[in-house]
Amino acid sequence: MSFSVSTWNINSVRLRIDLVARFLAGRAPDVLCLQETKCIDDQFPSAAFRKMGYPHIAISGQKGYHGVAIVSRLPFAGVEIRRWCAKQDARHIAVRLADAAGAARDVTIHNFYIPAGGDVPDPAVNEKFAHKLRFLDELTEWGRTEKPAASRAILVGDLNVAPYVNDVWSHKQLLDVVSHTPVETEGLEAVRMAGDWVDAIRTLTPEPERIYTWWSYRSPDWAAANKGRRLDHVWLSQDLAGHLEGAQILREARGWERPSDHVPVTVTLSL
DNA sequence: ATGGTTGTCATACAA
């Protein structure tokens, strides 16, 4: 069985439900993980997803900010929502796929939206950056103590860190820019190592090939300038990494009408 | 060195 999971920071699921429909009609992943849904659970467009063939829906929303969701063709056996850094932010949701999911049964999918961290990369003067670093530390501790990737697990999301040299358009120019500072890139690497996760995208496309999943709205001609960053990730537990078949970063979605600043990332496994 | 855009909700804040 071929199993596919996508992750997409949609920057308001209500505003861009037609773009989600276009993506699902074309790519049809088994599971889609969304970040920055920006609405409370009652406002989530569940009916539209059901109509598109995604009847299984797990939501952790909040008013105006953040918000994550997982929509699926395959049924869930359980849903877990965790809170981080002693805040109520909706930045994580996980599902376990049910026996009825066939070969994908018992796969757990964690969907994260790590704090962006504000503009100034100094935790002493920027509380948002301090929060981001604390979040990374908590994730490392989570990986070390709870072993979330001990078996059949996938971690996806907008991790808001471009960890490697060729995950940004200019390593040198972004060393002091939030998302690519050494404390963040080393922090995310610590998270990955502590959990024993495998970076699926970089396994298929190793450095030094450049990979981006996000282009700022502030660049007037994003495609020509191509000043992107790889902020969106798919990580696999070791036992699933051997089943990795392919990946797709849908760059063209950045050029759709009224786009998100992030594009969908899809990984396919042979289970 | 600076300002550039977007969404939500209310005219500020987060990204």
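FYI, side chains are in, hydrogens and waters are out, and symmetry mates aren't considered; it's all heavy atoms of this structure.
- Rounded to whole Å, the distance from CG on A:D261 to P on B:dT8 is 13 Å.
- If you measure from atom CG of A:L19 to atom C1' of B:dT6, you get 14 Å, rounded to the nearest angstrom.
- Distance check on atom C1': B:dT6 versus B:dA10 gives 16 Å, rounded to whole Å.
- Put simply, A:H66 has a side-chain N or O that comes within less than 4.0 Å of OP1 or OP2 on B:dA15.
- Ring geometry for A:Y212 against A:W215 counts as perpendicular: the plane angle is over 60°, on a 0 to 90° scale with 30° as the lower cut.
- Because its NZ or CZ atom is both nearer than 6.0 Å to the ring centre of A:W84 and within 45° of the ring axis, A:R82 counts as a cation-pi partner of that residue.
- At a threshold of 4.0 angstrom between heavy atoms, the contacts of A:R254 with the nucleic acid are absent.
- If you measure from atom CD of A:Q62 to atom P of B:dC13, you get 17 Å, rounded to the nearest angstrom.
- Closest-nucleotide positions on DNA chain B for A:N9 and A:K63 were compared, and the one nearer the 5' end corresponds to A:K63.
- The side chain of A:R14 contributes no N or O atom lying less than 4.0 Å from OP1 or OP2 of B:dG7.
- Here B:dT8 presents its C1' atom at 16 Å from CG of A:D89, a figure rounded to the nearest Å.
- The A:R218 side chain lies nearest to B:dG4 when the options are B:dT6, B:dG4, B:dT8.
- When the C1' atom is used for both B:dT11 and B:dG7, the distance is 14 Å, rounded to whole Å.
- Following rounding to the nearest Å, A:W215 (CH2) and B:dG4 (C1') show an atom-to-atom distance of 19 Å.
- Between B:dT8 and A:S12, a contact under 4.0 Å exists linking OP1 or OP2 to a side-chain N or O.
- When each of A:R258 and A:Y65 is assigned the nucleotide of DNA chain B with its nearest heavy atom, A:R258 is the one assigned upstream, toward the 5' end.
- For residues 19-38 of chain A, the pairs satisfying ring-ring contact (aromatic ring centres under 6.0 Å, His included) are A:W8-A:F23, with sequence neighbours left out.
- A donor-acceptor distance shorter than 3.5 angstrom exists from the side chain of A:T213 to the backbone of A:D232, with no hydrogens or angles considered.
- Separating the C1' atom of B:dG4 from that of B:dA15 is a span of 14 Å, rounded to the nearest Å.
- If you take atom P in B:dT2 and the same atom in B:dA14, they sit 22 Å apart, rounded to whole Å.
- With rounding to whole Å, A:E184 atom CD is found 13 Å from B:dA15 atom P.
- The CG atom of A:L15 sits 18 Å away from the P atom of B:dT5 (whole-angstrom rounding).
- The side chain of A:R16 places no N or O atom within less than 4.0 Å of a non-bridging phosphate oxygen (OP1 or OP2) of B:dT8.
- For A:K128, the listed nucleotide lying nearest its side chain is B:dA14; candidates were B:dG7, B:dA14, B:dT5.
- Across the P atoms, B:dT5 and B:dC9 are found 22 Å apart, a figure rounded to whole Å.
- Taking the six-membered ring for Trp and thresholds of 30 and 60 degrees, A:H171 and A:H180 have ring planes more than 60 degrees apart, a perpendicular arrangement.
- Rounded to whole Å, atom P of B:dT6 lies 15 Å from atom CD1 of A:I10.
- Cation-pi check for A:R254 over A:W222 is met; the charged atom lies under 6.0 angstrom from the ring centroid and within 45 degrees of its normal.
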